[in-house]
Amino acid sequence: MKQRFGFFYAACAAAAMIFVGAGAARAQVTPAEGYTPPDDTPSVKVGGTIFANYTWVAEPRTTDSDGNLVHSNAFDVTRAYINVTGNISHLVSFRITPDVVRTGSVTLAPGTTADVPGLTGTLTYRLKYAYGQLNLDDWTTKGSWFRLGMQQTPIVDYEEGIYRYRFQGTIFVEREGFLTSSDLGASVHWVFPQNYGDIHVGVYNGEGYTRPEQNDQKAFQIRASVRPAPMIPILKGLRLTGFYDGDHYVQDAKKERFIGQLTFEHPFVNVGVDYLRATDQNASATRPEVKAEGFSVWATPRTPFGLELLLRFDRIKPNKDADPARQRLIGGVAYWFPVQKGVSAAVLLDYEDIRSFHFSPARARDERYALHTLFNF
């Protein structure tokens, strides 16, 4: 009996020694050199964006309540974002952004408007962005993701990041009413390896963030941008972009947009050229197709000490087979304050001149001077 217990104790002791030895061996294994485990600590950040301005209208002059002919002028705030962003883990992130809007007549359906009782002229908040994001960095290139909710559309936010003067006014395709900067939908963004470009594909309601879905039609949008020579320093900032938006007002009533774009970024100048073609059968497939065509050219030469110029020219033909056309000229001088990365502040003194040709009835010239400011934090 003692021998059997002795054998049992010896076996247990041997097993314990093997277990301890194995644990010690495991303890000696170190993580691969250079490996940093992902940070899954939840985080929330709050920031803001403010566009404040003063505008003096040279033309057209207006008549006040006492019959005096005056030049309209006003202080205004055209954007006041509150940006709430964060990570639930290194895989899941989110953004919530309400935006300021001056209430008044609101669109209820195509071609109809109504006043908002008790709020006409008031600055109030509406939702601009609200989406969840699945980051795909673990499985593909860094900066790739999937989004669901109210989010940026593929071309507008992309170009604004290069143009940088959204605080003066929207880019060409948005200002002419062909596209919107935010919509409800789902999209995927993938970055090409070795910085050769990216692609952004999404399916959206197509009505924009200011209106609910009107019917069963959805907009398919895709943007692909290519850097031809990312390894050559002087050409690294050159990108060629194609964008397509395929949608319908109602079944078989086309709403299509195509944009070809060239942009160039350099420490001393950013340049962009946009070409737009659009097809519309507004509200009914029985109406004839109207094809619009236009272009925008802009440049922002800059100095090392924060002083910049804004130069831009737009031209649009709402119907390329007819005479009416509209052109916009923008020129300005800006100063960008020296700040840390991730925040920005700028002031812009600019002139804008909009002229319309061959419209019936004739449209007045729109000429204005403005002081615009940007605060982004």
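If you check the side chains of T41 and D39, you find a donor sitting under 3.5 Å from an acceptor. Side-chain contact, H90 with D138: a donor N or O sits under 3.5 Å from an acceptor N or O. Residues S225 and Y158 bring a donor and an acceptor atom of their side chains to less than 3.5 Å of each other. Between the side chains of Q168 and E352, at least one donor N or O sits under 3.5 Å from an acceptor N or O. No side-chain N or O of T122 forms a donor-acceptor pair with one of T124 less than 3.5 Å apart. In this model, a donor atom of one side chain and an acceptor atom of the other lie less than 3.5 Å apart for T55 and N53.
Between Y54 and F75, the gap from one ring centroid to the other is short of 6.0 Å. Aromatic ring centres of Y165 and F167: separated by under 6.0 Å.
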Check your understanding: Are Q221 and T153 close enough, and set up right, to give a side-chain hydrogen bond (donor to acceptor under 3.5 Å, both in side chains), and what steps lead you there?
Key -> CA-CA 8 Å; Q221 298 186 13; T153 50; 4.6 Å; no
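In this structure, Y131 shares a hydrophobic cluster with Y81, Y129, the cluster being traced through Ile, Leu, Val, Met, Phe, Trp and Tyr side chains under 4.5 angstrom apart.
Side chain of S144 to backbone of V191: a donor-acceptor contact under 3.5 angstrom is found. Formation of a donor-acceptor pair under 3.5 Å by the S89 side chain with backbone atoms of D40 is not found in this model.
Under a cut-off of 6.0 angstrom, the local environment of NZ in K236 is sparse, with at most 12 non-hydrogen atoms contributed by other residues, nucleotides or ligands.
Across all non-hydrogen atoms, the minimal contact from I155 to R223 is CD1-CD, 3.8 Å.
In this view, T62 and S72 satisfy the side chain to side chain donor-acceptor pair (under 3.5 Å) rule, not counting sequence neighbours.
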